[in-house]
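Small disclaimer: the values here were computed from a predicted structure and weren't measured. This chain uses plain numbering: 1 for the first residue, then up along the sequence.
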Amino acid sequence: MTSRYGMLEEEKVFKDPVHRYIHVRDELIWELIGTKEFQRLRRIRQLGTTFLTFHGAEHTRFNHSLGVYEIMRRIVENMEKREHFDPEERLVCLSSALLHDVGHGPFSHSFEKVFHTDHERWSREIILGDTEINSVLRGMSDDFPKKVADVIAKTYQNKLVVSLISSQIDADRMDYLLRDAFYTGVSYGNFDMERILRVMRPKEDQAVFKHSGMHAVEDYIMSRYQMYWQVYFHPVTRSAEVILSKILHRAKHLFEQNYSFMDKPKHFESLFSGKITLEDYVKLDESVILYYFQEWQEEKDPILSDLCQRFMDRRLFKYVECDPSVQMKVWPELIQLFGKIGFDPNYYLVIDSSSDLPYDFYRPGEEEERLPIHLLMPNGDLRELSRESDVVEAISGKKRTDHKLYFPQDVLEDDKTFPIEKKQILKLLTSQEG
Ligand code: ZN
């Protein structure tokens with residue numbers, strides 16, 4: 001090994017509201033944090049548009065990435081106390097934890113859908129391409145960047161390391177549940193992480209948990225279940241997300257029609273034309289996007305300017321629960337009525353679906369195979385969690401899906417121009433609710 005890194009002369013410490021302190025002792029980690037691609041994560045919020053629902057949710061991918069690193073650091077430290085841990089493998093763990101979200105773009109979820117990009121692919125490119133991060137990682141050894149990229153892509157040969165970052169109980173999820181609960185201010189995301197880390201034991205391909213810590217693991221699963229429905233899929237956040245993606249769709253459409261923007265959207269051009277390079281990608285962050293949204297409020301195109309005003313002033317779409325089978329029947333009529341009263345249904349009438357599977361036992365061959373969580377029994381046997389825990393059994397393998405129909409409040413408001421149409425829309429929209 002020809003690494004140019006050692007230990008820092010003096011430990012660096014970050015103050016963190018979730019883990020209290022984040023400790024950095026390795027030169028490698030300190031240098032990675034200082035790269036421009038990592039610093040960019042300060043300008044990307046962890047929860048996208050959630051700040052429009054929970055105003056505290058202004059925390060960033062930067063905070064979260066440091067948090068995942070800190071949890072990984074503690075996991076590795078605990079493992080080292082029990083058995084020999086290869087020092088290079090230790091740095092693979094810490095670097096992958098720190099960099100696991102480095103490819104995220106601004107408002108990732110909407111962006112990825114509209115532009116068909118994928119943050120995992122960008123993480124890989126940032127780690128392996130011509131970047132500051134790549135040159136820091138290469139200071140370890142020539143094949144070190146590839147090892148880190150493989151862990152994030154889940155193809156790394158050491159499956160234990162992969163499972164510590166992506167499985168049903170991993171450093172990533174533990175950090176985001178605690179952090180998102182803290183910053184949103186909700187009371188249900190909490191669980192005893194210290195206890196989980198204390199009862200965690202490495203076992204071949206994944207970590208298992210001593211039976212005595214089962215209730216802490218149960219709590220973690222329930223907290224994930226609660227956070228999905230109370231925070232991540234919150235209908236108001238989804239509404240903001242719907243408007244955001246419609247703005248991007250509209251701007252892309254106008255670009256394709258050679259519309260002349262008052263302010264040329266140069267940061268978007270390569271995205272719109274589907275030819276975005278790594279160099280362009282790392283220049284995108286949420287301050288850039290919000291700058292354009294601010295500008296586009298004044299555009300001549302009425303749909304683009306209206307949607308941007310709604311987003312900036314937080315005049316979000318309303319919603320009703322909808323049943324896809326009922327919706328199919330009234331859909332053509334709704335589309336026609338929306339057109340008639342001057343709301344293009346392509347932008348102002350949207351169905352959005354959310355679904356989540358809180359925990360699953362092992363189902364080999366299924367689309368997304370999930371490694372189950374195993375408990376280590378006092379006699380040394382392993383038992384799958386839902387066989388021991390009644391609480392977890394109750395929600396295991398149960399997928400919940402929820403559909404909502406979004407539309408602007410104005411389509412219902414009384415006015416003199418379309419009284420009959422508006423009454424009819426109201427009737428059709430409310431017929432959606434069961
Ligand atoms: Zn993450």
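Between the side chain of Thr237 and the backbone N or O of Thr53 there is no donor-acceptor pair closer than 3.5 Å. In this structure, the side chain of Asp118 engages the main chain of Glu120 through a donor-acceptor pair within 3.5 Å. Of the possible donor and acceptor atoms, none in the side chain of Ser389 sits under 3.5 Å from a partner among the backbone N and O of Leu385. Between the side chain of Arg61 and the backbone N or O of Gly103, no donor-acceptor pair lies under 3.5 Å. Of the possible donor and acceptor atoms, one in the side chain of Glu37 sits under 3.5 Å from a partner among the backbone N and O of Ile133. A donor-acceptor contact shorter than 3.5 Å links the side chain of Ser245 to the backbone of Val242. Side chain of Ser123 to backbone of His119: a donor-acceptor contact under 3.5 angstrom is found. Ser355 contributes no side-chain N or O that, together with a main-chain N or O of Thr401, makes up a donor-acceptor pair within less than 3.5 Å. In terms of modelled atom types and a separation under 3.5 Å, the side chain of Gln39 and the main chain of Ile33 share a donor-acceptor contact.
Between Arg25 and Leu8 the shortest side-chain heavy-atom distance does not fall below 4.5 Å. Put simply, the side chain of Tyr348 reaches to within 4.5 Å of the side chain of Phe317, judged on heavy atoms. Looking only at side-chain heavy atoms (C-beta outward), Met193 and Arg74 come within less than 4.5 Å of each other. Counting heavy atoms from C-beta outward, Phe144 and Ser3 have side chains that stay 4.5 Å or more apart. Residues Phe38 and Leu98 meet the side-chain proximity criterion, which asks for heavy atoms closer than 4.5 Å. Counting only heavy atoms from C-beta outward, the side chains of Val236 and Leu52 never approach each other to under 4.5 Å. A 4.5 Å side-chain heavy-atom check between Leu41 and Thr60 finds every atom pair outside the cut-off. In this structure, Leu137 and Leu32 have side chains that are in contact, with non-hydrogen atoms separated by less than 4.5 Å.
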Subject >> Stepwise side-chain contact (heavy atoms from CB on, under 4.5 Å) test for Glu89 and Val161 >> reply: CA-CA 8 Å; Glu89 207 67 349; Val161 172; 3.9 Å; yes
Subject >> Chi angles and distances behind the side-chain hydrogen bond (donor to acceptor under 3.5 Å, both in side chains) call for His109, Glu241 >> reply: CA-CA 8 Å; His109 299 292; Glu241 206 76 30; over 6 Å; no
Original post:
Between Arg173 and Gln168, does a side-chain contact (heavy atoms from CB on, under 4.5 Å) hold up when you go through it step by step?
Top reply: CA-CA 8 Å; Arg173 287 185 183 190; Gln168 298 203 73; 4.1 Å; yes
Original post:
Taking it one step at a time, do Ile22 and Val13 satisfy side-chain contact (heavy atoms from CB on, under 4.5 Å)?
Top reply: CA-CA 6 Å; Ile22 287 165; Val13 177; over 6 Å; no
**OP:** Decide side-chain contact (heavy atoms from CB on, under 4.5 Å) for Thr50 and Tyr183; before the verdict, give the C-alpha distance in whole Å, the side-chain angles of both, and the deciding distance to 0.1 Å.
**Re:** CA-CA 11 Å; Thr50 302; Tyr183 282 96; over 6 Å; no
Original post:
Please walk me through it: do Phe111 and Phe107 pass ring pair (Phe, Tyr, Trp, His ring centres under 6.0 Å)?
Top reply: CA-CA 6 Å; Phe111 252 74; Phe107 303 111; 7.5 Å; no
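A pairwise comparison of heavy atoms in Leu284 and Ile44 identifies O-CD1, 4.4 Å as the closest pair. Shown here for Ile243 and Leu316, the closest heavy-atom pair between the two residues is CD1-CA, 3.8 Å. The two atoms that bring Ile276 and Trp122 nearest to each other are CG2-CZ2, 3.7 Å, heavy atoms only. The shortest heavy-atom contact between Phe54 and Val186 is CE2-CG1, 3.7 Å. Residues Ser386 and Tyr359 share a closest heavy-atom pair of CB-CE2, 4.1 Å. Of all the heavy atoms in Asp172 and Ile165, the pair that sits closest is CB-O, 3.6 Å.
Heavy atoms from other residues, nucleotides or ligands lying under 6.0 Å from OH of Tyr225 number 12 at most. Other residues, nucleotides and ligands contribute at most 12 non-hydrogen atoms within 6.0 Å of the CZ atom of Arg387. A 6.0 Å sphere centred on CD of Glu279 holds no more than 12 heavy atoms belonging to other residues, nucleotides or ligands. Few gaps surround CG on Asp86; more than 12 heavy atoms of other groups in view lie less than 6.0 Å from it. Counting heavy-atom neighbours within 6.0 Å of Lys15 NZ, excluding the residue itself, gives a total above 12. Shown here is Glu413, whose CD atom has more than 12 heavy atoms of other residues, nucleotides or ligands within 6.0 Å.
Salt bridge Asp381/Arg383: absent, no basic N to carboxylate O contact under 4.0 Å. Look at Arg121 and Glu125 and you find a salt bridge, because one of the NZ, NE, NH1 or NH2 atoms lies within 4.0 Å of a carboxylate O, short of that distance. Ion pair Arg195/Asp219 not flagged as a salt bridge, since none of the NZ, NE, NH1 or NH2 atoms sits closer than 4.0 Å to an Asp/Glu carboxylate oxygen. Using a cut-off of 4.0 Å between Lys/Arg side-chain N and Asp/Glu carboxylate O, Glu70 and Arg73 are scored as salt-bridged. For Arg179 and Asp16, the salt-bridge test passes: some basic side-chain N is under 4.0 Å from an acidic carboxylate O. A salt bridge does not link Glu27 with Arg4: every distance from a Lys NZ or Arg NE/NH1/NH2 to an Asp or Glu carboxylate oxygen is 4.0 Å or more.
For the residue pair Asp180 / His59, a side-chain donor-acceptor distance below 3.5 Å is found, with atom types taken as modelled. Side chain to side chain, Tyr176 and Asp101 fail the donor-acceptor criterion of an N or O pair below 3.5 Å. Counting only N and O atoms by type, the side chains of Asp192 and His215 include no donor and acceptor under 3.5 Å apart.
For the ring-ring contact (aromatic ring centres under 6.0 Å, His included) criterion with Phe268, the lone passing option out of Phe293, Tyr281, Phe255, Trp296 is Trp296.
Gln46 contributes atom CD, which lies 11.5 Å from atom OG1 of Thr184 (distance to the nearest 0.5 angstrom). Distance check: Ile75 CD1 to Leu94 CG gives 10.5 Å after rounding to the nearest 0.5 Å. To the nearest 0.5 angstrom, Lys147 atom NZ is 7.5 Å from Gln157 atom CD. The line from CG of Asp306 to CG of Asp410 is 7.5 Å long, rounded to the nearest 0.5 Å. Rounding to the nearest 0.5 Å gives a distance of 7.5 Å between CZ of Phe191 and CD1 of Ile169. Put simply, OH on Tyr156 and OG on Ser163 are 13.0 Å apart, with the number rounded to the nearest 0.5 Å.
The cationic group of Lys318 does not satisfy the cation-pi geometry with Tyr406, failing either the under 6.0 Å distance to the six-membered ring centre or the 45° limit from the ring axis. For the pair Arg90 and Phe85, the NZ or CZ position fails the cation-pi test of under 6.0 Å to the six-membered ring centre and within 45 degrees of the ring normal. A cation-pi contact, defined as under 6.0 Å to the ring centre and within 45° of the axis, links Arg224 to Tyr228.
Each side chain to side chain donor-acceptor pair (under 3.5 Å) pair with one or both residues in residues 284-293, not counting sequence neighbours, appears once here: Arg43-Asp285, Arg45-Glu286, Asp263-Tyr291, His267-Tyr292, Asp285-Ser287.
Evaluation of the side-chain hydrogen bond (donor to acceptor under 3.5 Å, both in side chains) rule for Arg138 yields Asn134 as partners, not counting sequence neighbours.
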